[in-house]
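This report refers to the structure that appears directly beneath it.
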There are 2 protein chains.
Amino acid sequence: MTKLNPILHQELRLSIISFLVNAEWVDFMKLIEVTQASKGNLSVQISKLQEAGYIEVKKSFKGNYPHTECRVTDAGKNEFENYLIQLKQLLNLE
Amino acid sequence: MTKLNPILHQELRLSIISFLVNAEWVDFMKLIEVTQASKGNLSVQISKLQEAGYIEVKKSFKGNYPHTECRVTDAGKNEFENYLIQLKQLLNLE
DNA sequence: ATAAACTAGTTTATAATATAAACCACATAA
DNA sequence: TTATGTGGTTTATATTATAAACTAGTTTAT
């Protein structure tokens, strides 16, 4: 059996990665916008993806406000591709 | 945002439904074989799919042994189709 | 200047979930 | 007749997901 990557097989994390693979640096509030998640939830899931090494997180200030940006890593891209392959297999897609 | 059906967005339940949509009545031990799940886990997830109305469960005896068979319901098929659509959208597939 | 409201997050308490281990009722074999 | 196997179910535990509460500051209005 396939055994889907459990870090990726979660809706919010999947939404995040899925968006990031087609983008460059994306900031926290943009991710809030596209995922419609709560800030707390987003914060936690970003940390998990970062700990897994799937995304890179850059913190700075934009004007006077804190500013967090994320970008998918090569490892993240690979795992995501892999996840897609296994998921398609499980679902008999393609 | 899409909000994936949480009953379906779980690996084992997804494996079960995904197999059942291309089959008729399938028995417990066959599902163990195709999913490689433990009996306990399979039992629980079958119950959840049944409670959700996504599968129908028929219990009988085969020889002297208990025998459990499952079949996807129309509702189950619909929800599964829906899940696929939303998932593809989330993942930018097709 | 001070309070009120807002920005951009993080931490943490709680509930929900997933999973395997332990169990059950019975059957068959030794 | 006891030991092993079948086909499950129940339940204890750990893990996870999530929103509420909080932090640390900023801007605006008074």
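The shown structure was predicted, so the numbers you read here are calculated from the model rather than taken from an experiment. In the text below, chain A, chain B and the rest are named by the order of the sequence lines, each starting its count at 1.
- Within the structure, every side-chain polar atom (N or O) of A:S43 is placed at least 4.0 Å from both OP1 and OP2 of C:dG9.
- Straight-line distance from the CD1 atom of A:I7 to the P atom of D:dA17: 10 Å, rounded to whole Å.
- The two residues A:S60 and A:E69 have their closest heavy-atom pair at OG-OE1, 4.3 Å.
- The distance between atom CZ of B:F61 and atom C1' of D:dT6, rounded to the nearest whole Å, is 12 Å.
- Here C:dT17 presents its P atom at 14 Å from CD of A:E11, a figure rounded to the nearest Å.
- For the pair A:V44 and A:Y65, nearest-nucleotide mapping onto DNA chain C gives the more 5' position to A:Y65.
- Place A:G63 and A:P6 on DNA chain D by their nearest nucleotides, and A:P6 ends up nearer the 5' end.
- For the OP1/OP2 pair of C:dT17 and a distance below 4.0 Å, the side-chain nitrogens and oxygens of B:Q45 include no atom meeting the criterion.
- Between the CD atom of A:E51 and the P atom of D:dT16 there is a distance of 11 Å, given to the nearest Å.
- Residue B:E69 contributes atom CD, which lies 13 Å from atom P of D:dG7 at whole-angstrom precision.
- For B:N22, the CG atom is densely surrounded, since the number of other residues' heavy atoms within 6.0 Å is greater than 12.
- Distance CD/A:Q50 to CD/A:Q45: 13.0 Å, rounded to 0.5 Å.
- Classification of B:E51 and B:K48 as a salt-bridged pair fails, no side-chain N sitting under 4.0 Å from a carboxylate O.
- An OP1 or OP2 oxygen of D:dT27 is reached within less than 4.0 angstrom by a side-chain nitrogen or oxygen of A:N64.
- Atom pair A:N41:CG and D:dA20:P shows a separation of 12 Å (rounding to whole Å applied).
- In this structure, A:L31 atom CG and C:dA8 atom C1' are separated by 13 Å, rounded to whole Å.
- Pairing of C:dG9, defined by two Watson-Crick or G-U wobble distances under 3.5 Å, is identified with D:dC22.
- Distance from the side chain of A:K59 is smallest for C:dT10 among the nucleotides D:dT6, D:dG8, C:dT10.
- Within the structure, every side-chain polar atom (N or O) of B:R13 is placed at least 4.0 Å from both OP1 and OP2 of C:dT17.
- Summarising the geometry, atom CD1 belonging to A:I85 is positioned 14.0 Å from atom CG belonging to A:L90; distances are rounded to the nearest 0.5 Å.
- When the side-chain nitrogen and oxygen atoms of B:T68 are compared with OP1 and OP2 of D:dG8, one or more of them lie within a distance under 4.0 Å.
- Ranking C:dT10, C:dA8, D:dA19 by closeness to the A:P66 side chain, first place goes to C:dA8.
- Listed nucleotides: C:dT19, D:dT18, D:dG25. Nearest to the side chain of A:Q10: D:dT18.
- In this entry the distance linking CD1 of B:I32 with P of C:dA20 reads 11 Å, nearest Å.
- At the phosphate of D:dT18, neither OP1 nor OP2 sits under 4.0 Å from any side-chain N or O atom of A:K39.
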